[in-house]
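Notes for the one structure printed next.
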There are 2 protein chains.
Amino acid sequence: MTQLLDVRKMNILRAIVDDYILTAAPVGSRTLSKRDDIELSPATIRNEMSDLTELGFLEQPHTSAGRVPSEKAYRLYVSNIMDRARLTDEESEYIRRHLEQRVSEVGDVIRETARMLSGITNYTSVVQSPKMKNARLKHISLIPVTEGTALAVVVTNSGSTSSTMLTVPAGITAQDLDKITHLMNDRMTGYKITDVHRTLLPLLREEIGEQADSVAEMLGGISDDLSKRSVEVVGAANMLDYPEYADVSKAKSFLSEIEKGEIFKEVLPNEDGVEMTIRIGAENDNPELKDCSVITVSYSVGGEQVGSMGVIGPTRMDYSKVVAVLKCMSESLGSVLSKMLKGSESHKELKE
Amino acid sequence: MTQLLDVRKMNILRAIVDDYILTAAPVGSRTLSKRDDIELSPATIRNEMSDLTELGFLEQPHTSAGRVPSEKAYRLYVSNIMDRARLTDEESEYIRRHLEQRVSEVGDVIRETARMLSGITNYTSVVQSPKMKNARLKHISLIPVTEGTALAVVVTNSGSTSSTMLTVPAGITAQDLDKITHLMNDRMTGYKITDVHRTLLPLLREEIGEQADSVAEMLGGISDDLSKRSVEVVGAANMLDYPEYADVSKAKSFLSEIEKGEIFKEVLPNEDGVEMTIRIGAENDNPELKDCSVITVSYSVGGEQVGSMGVIGPTRMDYSKVVAVLKCMSESLGSVLSKMLKGSESHKELKE
DNA sequence: ATTAGCACTCGTTCCTCTTGAGTGCTAACA
DNA sequence: TGTTAGCACTCAAGAGGAACGAGTGCTAAT
């Protein structure tokens with residue numbers, strides 16, 4: 001990338017963004033010239049600021065106010081300017097240790113992650129539970145509930161359970177369900193949940209004949225259901241701490257959006273391989289977030305991205321800190337989950 | 001109860017409360033005298049208001065402002081004055097129909113109840129899931145997970161499932177767990193979950209001898225876990241619509257309290273037999289709710305109170321409407337749950 | 001190229017004044 | 001004796017205006 005701005009302009013822009021992130025007040029030339037890292041007179045700075053305004057990096061609320069960074073400025077700041085901080089060892093140690101105290105259930109770990117993320121950053125956090133597509137079958141029970149419906153209770157190798165209501169094809173009896181349950185527990189444990197119904201098909205044909213296909217379809221519903229993932233959102237009320245939301249009607253519309261529960265879409269996993277995404281203001285698809293920035297990071301177990309989490313804050317958020325915290329969280333969560341899920345011993349692959 | 005106030009004072013008080021609930025602005029004597037239901041001159045009203053203030057039913061924000069009802073006034077209003085409205089048939093029909101569309105899962109019904117409750121009242125709703133203490137065992141699986149831990153998956157006659165991580169006593173093998181599972185499915189279905197571990201004890205003695213007691217204790221953990229109940233809280237952001245929360249810092253402290261997730265305590269079931277409770281302002285245990293009123297109602301299945309729900313709003317809430325909506329909701333939820341849970345056929349009672 | 005100097009802009013703050021909704025009290029009235 | 005008209009008084013809220021000051025842009029000197 002070619003140098004968009006000369007070094008001096010960069011420095012001034014950094015100083016303005018840093019200051020604005022801290023104070024939320026328009027930054028003036030005199031304030032800047034007092035800083036140690038800028039050795040220029042106010043007048044010179046004013047000239048530079050005037051240029052930066054023309055280039056679209058700064059905005060002026062009104063003639064006699066200081067300058068405020070534009071979204072373009074944040075973009076540049078985030079990609080080229082800010083120092084990509086790492087947390088101190090104590091901080092990351094603290095995070096990891098807290099997370100490791102919650103090793104009994106995946107849900108607990110996710111919740112604790114969300115809580116810490118919002119607690120440390122003081123913004124709103126969104127954490128998605130890991131996808132279980134690669135989970136392997138450990139135990140299954142098909143339990144008839146009413147005429148035509150059955151409950152499938154699946155335990156995966158990671159110890160997580162899920163239960164799904166299934167519609168039982170006509171003609172399948174409780175005895176059939178029992179037979180299928182035993183068949184699956186005997187022959188299919190260790191297979192990926194998503195593969196089970198296909199792999200099982202030939203065996204089913206032997207056991208229950210012509211209804212095998214409809215039963216396989218029913219079992220497919222289990223892996224569909226398993227792909228539904230929960231999302232923890234914590235710290236929405238934190239936003240009220242920032243002058244951006246001093247106006248109650250703004251606060252209300254933000255909080256209502258959060259309560260709708262579709263915010264997780266903003267945190268949807270990035271394309272494979274992309275670790276971190278920063279979306280600033282209007283870059284967000286959701287118009288309700290046009291004054292917010294959303295930073296998301298994916299987390300991995302065993303080298304594979306299985307989920308993501310994010311932080312939502314005002315565009316004037318502390319990008320550097322949030323990036324650092326998210327990195328650490330992602331690593332910690334990944335490693336804690338790995339430990340939890342490593343109870344998976346027998347892996348049988350589906351030969352396609 | 002003896003008549004605390006004469007009829008005219010009652011009328012004036014009702015008018016003031018009604019007006020204040022509507023407008024949130026202090027009510028003056030002239031405003032009142034313009035109302036059709038009060039045929040008195042402002043001066044007369046002033047005299048009465050002065051008396052009511054002395055008696056503690058009214059308060060004055062400052063000398064030259066109108067009067068505002070005190071908590072004592074709301075108390076009186078709620079117990080003796082307000083007309084206990086019922087919903088129209090269309091309204092209650094609407095509620096019932098909406099709820100009946102969610103018959104597949106208890107959790108869905110609870111969530112929809114909370115959503116409607118907050119949607120209709122425009123306050124914050126809290127709905128507790130029904131207690132399952134009387135649920136009866138339909139199916140159980142004990143699945144070894146790691147050395148020393150097992151997962152208990154329980155399906156009740158109502159079709160709801162729960163899974164609990166149990167600590168397996170030393171010396172109990174996977175085979176033992178299997179044996180116990182079969183024993184329970186063969187002999188204990190239809191019993192109340194809470195009774196199972198006790199009733200099973202003699203049978204366990206036969207099967208696994210001296211370890212029976214520790215196993216029974218482990219199984220007791222299942223019913224402990226089953227008594228954990230989820231709570232849905234919806235519409236916290238609604239509070240921002242009211243001038244009481246125009247101050248962001250108030251809004252923040254309310255929302256933070258909600259987010260802490262302990263609000264359900266305010267909705268804890270009333271003593272048996274009490275159907276509805278109204279707690280006004282300082283009557284709430286939680287100091288964070290001292291400017292709020294909480295109305296809770298219990299709901300029943302088969303004549304037994306199994307849960308409760310409530311609405312949280314400013315003390316200046318529309319008591320009459322909320323009471324009516326809660327009554328209707330309680331009945332609808334009760335009847336919908338009854339239908340869902342009536343799948344319970346075989347009941348075996350524990351002979352004590 | 002930088003900076004000191006200066007006139008100018010404009011939001012914020014702080015007064016003061018006015019307005020009006022409300023009161024309490026007193027005296028007249030039915 | 002209860003009700004009401006009248007009046008002086010209070011006080012929050014709003015309007016208007018001066019003073020302030022943080023900021024700018026421009027020009028001329030360094």
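Letters go in sequence order (proteins before strands), and every chain restarts at 1. Please read these numbers as outputs of a predicted model, since none were measured by experiment.
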- Message: Side chains of A:Ser298 and A:Glu275: any donor to acceptor distance under 3.5 Å?
- Response: no
Restricting both atoms to N or O, compile the protein contacts to nucleotides 28-30 of chain D shorter than 3.5 Å, with distance only.
none

- Keeping the roles fixed (side chain from B:Tyr123, backbone from B:Asp318), state whether a donor-acceptor pair exists under 3.5 Å. yes
- Query: Would one find more than 12 heavy atoms of other residues, nucleotides or ligands at under 6.0 Å from atom OH of A:Tyr242?
  - Reply: yes
- Task: Kindly say whether A:Ser29 contributes a backbone atom to a donor-acceptor pair with the side chain of A:Lys34 at under 3.5 angstrom?
- Result: no
- Query: Are B:Glu48 and B:Arg8 within salt-bridge range, i.e. N to O under 4.0 Å?
  - Reply: yes
- Item | Listed partners of B:Glu266 passing salt bridge (Lys or Arg N to Asp or Glu O under 4.0 Å), at least two apart | B:Arg279
- Query: What does the inter-axis angle of the helix from C:dA1-D:dT30 to C:dA30-D:dT1 come out as, five pairs per end, nearest 10 degrees?
  - Reply: 20°
- Message: Expected output is a numbered-order residue list: members of residues 42-73 of chain B with a heavy atom under 4.0 Å from any atom of DNA chain C. What is it?
- Response: B:Arg46, B:Met49, B:Gln60, B:Thr63, B:Ser64, B:Ala65, B:Gly66, B:Arg67
- Task: Using atom types as modelled and distance alone, determine if a side-chain donor or acceptor of B:Lys72 lies under 3.5 Å from a backbone N or O of B:Leu55.
- Result: yes
- Message: Would A:Lys250 pass as a cation-pi partner of A:Tyr245, given that its NZ or CZ must be under 6.0 Å from the six-membered ring centre and within 45 degrees of the axis?
- Response: no
- Cationic N near anionic O, under 4.0 Å, A:Glu283 to A:Arg75: yes
- Checking A:Thr44 side chain against A:Leu40 main chain: does a donor-acceptor pair fall under 3.5 Å? no
- Which residues within residues 18-35 of chain B lie with some heavy atom under 4.0 Å of an atom in DNA chain D? none
- Which is the 5'-most and which the 3'-most nucleotide of DNA chain C that has an atom under 4.0 Å from a heavy atom of chain A? C:dT2 to C:dG11
- Query: Which pair of heavy atoms, one from B:Met10 and one from B:Leu5, lies closest together, and at what distance?
  - Reply: CG-O, 4.0 Å
- Item | Between A:Gln128 and A:Ser308: side-chain donor-acceptor atoms closer than 3.5 Å | yes
- Query: Looking only at heavy atoms, what is the nearest atom pair of A:Ile21 and A:Arg316, with distance?
  - Reply: O-NH1, 2.7 Å
- Item | N-O pairing of A:Arg86 and A:Glu331 below 4.0 Å | yes
- Message: Can you confirm whether the side chains of A:Tyr74 and A:Ser293 place a donor and an acceptor under 3.5 Å from each other?
- Response: no
